[in-house]
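Labels below follow one simple rule: chain letters A, B, ... track the order of the sequence lines, proteins then strands, and each chain is numbered from 1.
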Protein chains: 2
Amino acid sequence: MNYKTPKCSCEQCQLKNLFFSHVSEDELFDICDIKEERTYTKGQRILNEGDPIDDFLYMKEGLVKLSKSSGEQKDQIISFSKPFDFVSLLSVFSSKVHMYSVTALEDSTVCVLDLNVVKNKAQENAMFTMDMMVRISEATDKIIIENLIIRRKQLKGRVAHVLLYFANYIYERDEFELPISRREIAEYIGMTTENVIRTLSEFRKDNIIKIFGKDILIVDKSRLESISEFG
Amino acid sequence: MNYKTPKCSCEQCQLKNLFFSHVSEDELFDICDIKEERTYTKGQRILNEGDPIDDFLYMKEGLVKLSKSSGEQKDQIISFSKPFDFVSLLSVFSSKVHMYSVTALEDSTVCVLDLNVVKNKAQENAMFTMDMMVRISEATDKIIIENLIIRRKQLKGRVAHVLLYFANYIYERDEFELPISRREIAEYIGMTTENVIRTLSEFRKDNIIKIFGKDILIVDKSRLESISEFG
DNA sequence: AGAGCCTTATGATAATTATCACTATCTAAT
DNA sequence: ATTAGATAGTGATAATTATCATAAGGCTCT
């Protein structure tokens, strides 16, 4: 067993406002009564592509990647989820099995609801379902648009984009520890590991970033933005 | 005015079963009472990126493309919608404006519901909302996965994939008229027009397909499938 | 019919990216 | 500590794709 199961009291849980604004106190109790939290350490697999979907998961703490393996051992990273994102988001209402694998990139805590309870609630409370639908379509829209953005850049622009993505969107700081390997960057932007490494080295030589292993410091952000936009 | 507005009787409309299986006859009447159909000729723009979202649209007849223009004049095609697909699908519940443009590739008929009526219905009928959510997440999943598939192929594989996509998924025949130009194929698969043309010529020279302008005949389908899969 | 514009087409060349080969560094496990 | 295996890093070369140039064919508009 690789997770702990402390019950948390939803009355004081900030997640309540984010997810269940149209759920009454009574309903909330039903939902939270069956809620558990699971914590995963960096690198642990949370869900496997193809696993049956039994739970409804959302991020409480940490960072995870959603990925899909294509044939042999080539993985593609689809997106990253941070606190308050749904994890089993994409297929949870339209598929019997998970379409993606989910892996912890940092020590992460996931809140787990029984999917059937959520589904039942969704069938009787339309406002709840509406909220859910809005959040799902926002999240999938973001994935689709992020993909479009990456695809129209070339190597340097893509690498620059990823650095800015972590700096601006995930960490909100210009100095951070990369939560993923060079290979995973490559899997996210659709380039080879070698070229990702080469590009990072080039940014370093051009004094755009400083690199200490996985620690990145963005020195010249406007330059990086310009590369991201124009190549 | 570039559309006709014949009311149609929903009692006998096959769309009823597809979209509104959890809506009562009375509710159906409310919805259909405000329904109109719009027809567009090949090439006509149905929606513009950035337009405010007032309607809820779905395909009754024809074929459309969803696209996004990135800066200058470079377009990216996101997906194609055929009958019974939602058109204003992606952003309709999560954005005030359309995130994509929609253009008719063939003469097309679109059913138009007032978005507020649909939203009101969604807020009071949870089963209806559930149905909608399932359909939305199915459709967006399909877009995301199709993108992943395309991105891991190279030029020849991508072109082969597109041909098979139209043959298998859109027309269900091995002989069909391409609904899009070579340039649009390029915008869909993220390659240049010249290389798309070159690749098609190469397939023709290798007796994999026959080309008469926009008319395509797939001669050696297993070969095309092999190229799509392995390059 | 002819002018202008877009699409299709093909070739030559340049740019970009992948592959292969080899080291170095780091991490986990004994 | 020491080895094994993954990750990071660099260079040379090959493969892939883009760019530029140029031309033929279609289409629309007058």
Side-chain angles (χ1 to χ4, degrees), chain A residues 41-44 65 70 72-77 103 105 150-163 177-206 209-216 227-228 230-231, chain B residues 41-44 65 70 72-77 103 105 150-163 177-206 209-216 227-228 230-231:
Chain A
T41 58
K42 186 174 173 144
Q44 265 193 306
K65 68 170 177 180
S70 57
E72 310 79 77
Q73 53 256 44
K74 288 213 168 183
D75 278 13
Q76 292 177 288
I77 293 179
T103 311
L105 298 175
I150 288 176
R151 299 317 165 197
R152 67 172 170 251
K153 300 178 193 299
Q154 47 194 45
L155 177 59
K156 283 171 203 173
R158 291 184 189 185
V159 175
H161 176 86
V162 170
L163 294 177
E177 185 186 337
L178 264 180
I180 55 176
S181 67
R182 314 301 198 245
R183 181 171 53 72
E184 286 172 310
I185 295 177
E187 287 169 357
Y188 184 53
I189 66 174
M191 297 279 158
T192 57
T193 307
E194 294 96 319
N195 277 331
V196 168
I197 292 170
R198 246 187 282 273
T199 305
L200 287 172
S201 298
E202 201 180 317
F203 288 169
R204 177 178 44 71
K205 283 173 196 152
D206 293 343
I209 60 172
K210 287 207 164 84
I211 305 177
F212 322 90
K214 286 222 190 298
D215 291 319
I216 300 285
I227 291 171
S228 170
F230 307 108
Chain B
T41 57
K42 186 175 174 145
Q44 266 193 306
K65 69 170 176 181
S70 58
E72 310 79 77
Q73 54 258 43
K74 288 214 167 183
D75 278 13
Q76 291 177 289
I77 293 179
T103 311
L105 298 174
I150 288 176
R151 299 317 166 197
R152 68 172 169 252
K153 300 177 192 300
Q154 47 194 45
L155 178 58
K156 283 170 203 172
R158 291 182 190 186
V159 174
H161 177 85
V162 170
L163 294 176
E177 185 186 336
L178 264 180
I180 55 177
S181 67
R182 315 300 199 248
R183 181 171 53 72
E184 286 172 310
I185 295 177
E187 287 169 358
Y188 183 53
I189 65 174
M191 297 278 159
T192 58
T193 307
E194 293 95 319
N195 278 331
V196 168
I197 292 171
R198 245 187 284 272
T199 305
L200 287 172
S201 297
E202 200 180 318
F203 288 170
R204 178 177 41 75
K205 282 172 197 154
D206 293 344
I209 59 172
K210 287 209 164 85
I211 305 177
F212 323 89
K214 287 223 190 298
D215 291 319
I216 300 286
I227 292 171
S228 169
F230 306 109

Out of D:dT7, C:dT17, D:dA18, which nucleotide sits closest to the side chain of A:Met191?
C:dT17
Length of the CZ-P vector between A:Arg151 and D:dT17, whole Å:
14 Å
Between C:dT7 atom P and B:Asp75 atom CG, what is the distance in whole Å?
12 Å
Send over the distance from A:Glu202 CD to D:dT10 P, rounded to a whole Å.
11 Å
Phosphate OP1/OP2 of D:dT10: any A:Arg198 side-chain N/O under 4.0 Å:
no
Euclidean distance, atom CZ of residue B:Arg183 to atom P of D:dA18 [Å, nearest integer]:
16 Å
Taking only the side-chain nitrogens and oxygens of B:Asn195, find out if one of them lies under 4.0 Å from OP1 or OP2 of D:dA18.
yes
Contact class for A:Ile197 vs. all strands (heavy atom < 4.0 Å): base, sugar-phosphate, or nothing?
base
Quick check: does any side chain N or O of B:Arg158 sit under 3.5 Å from a backbone N or O of B:Ile150, one acting as donor and the other as acceptor?
yes
Specify the separation, in whole Å, of atom CG of A:Leu178 and atom P of D:dG9.
10 Å
Would you mind telling me which residue lines up with the more 5' stretch of DNA chain C, A:Lys153 or A:Glu194, judged by nearest nucleotide?
A:Lys153
Rounded distance (Å) that lies between atom P of D:dA8 and atom NZ of A:Lys205
17 Å
For A:Leu200 and for A:Gln154, find the nucleotide of DNA chain D with the closest heavy atom, then tell me which residue's nucleotide is more 5'.
A:Leu200
What is the separation between atom CD1 on A:Ile180 and atom P on D:dT7, rounded to the nearest whole Å?
12 Å
Kindly say if A:Arg204 contacts the phosphate of D:dT10, meaning a side-chain N or O under 4.0 Å from OP1 or OP2.
yes
CZ of B:Phe212 versus P of C:dA9: gap in Å, rounded?
12 Å
For B:Arg182 and C:dT8, is the shortest distance between a side-chain N/O and OP1 or OP2 below 4.0 Å?
yes
When you measure from the side-chain N and O atoms of A:Ser201 to the phosphate of D:dT10, is any distance below 4.0 Å, counting only OP1 and OP2?
yes
Within a 6.0 Å radius of atom NZ on A:Lys153, are there more than 12 heavy atoms belonging to other residues, nucleotides or ligands?
yes
Run the salt-bridge test on A:Lys156 and A:Glu202 with the 4.0 Å N-O cut-off and return the result as yes or no.
yes
If we ignore angles and hydrogens, is there a donor and acceptor under 3.5 Å between the side chains of B:Gln76 and A:Arg152?
yes
Would you say B:Lys210 has more than 12 foreign heavy atoms packed within less than 6.0 Å of its NZ?
no
Is B:Lys214 close enough to D:dG26 that one of its side-chain N or O atoms is under 4.0 Å from OP1 or OP2 there?
no
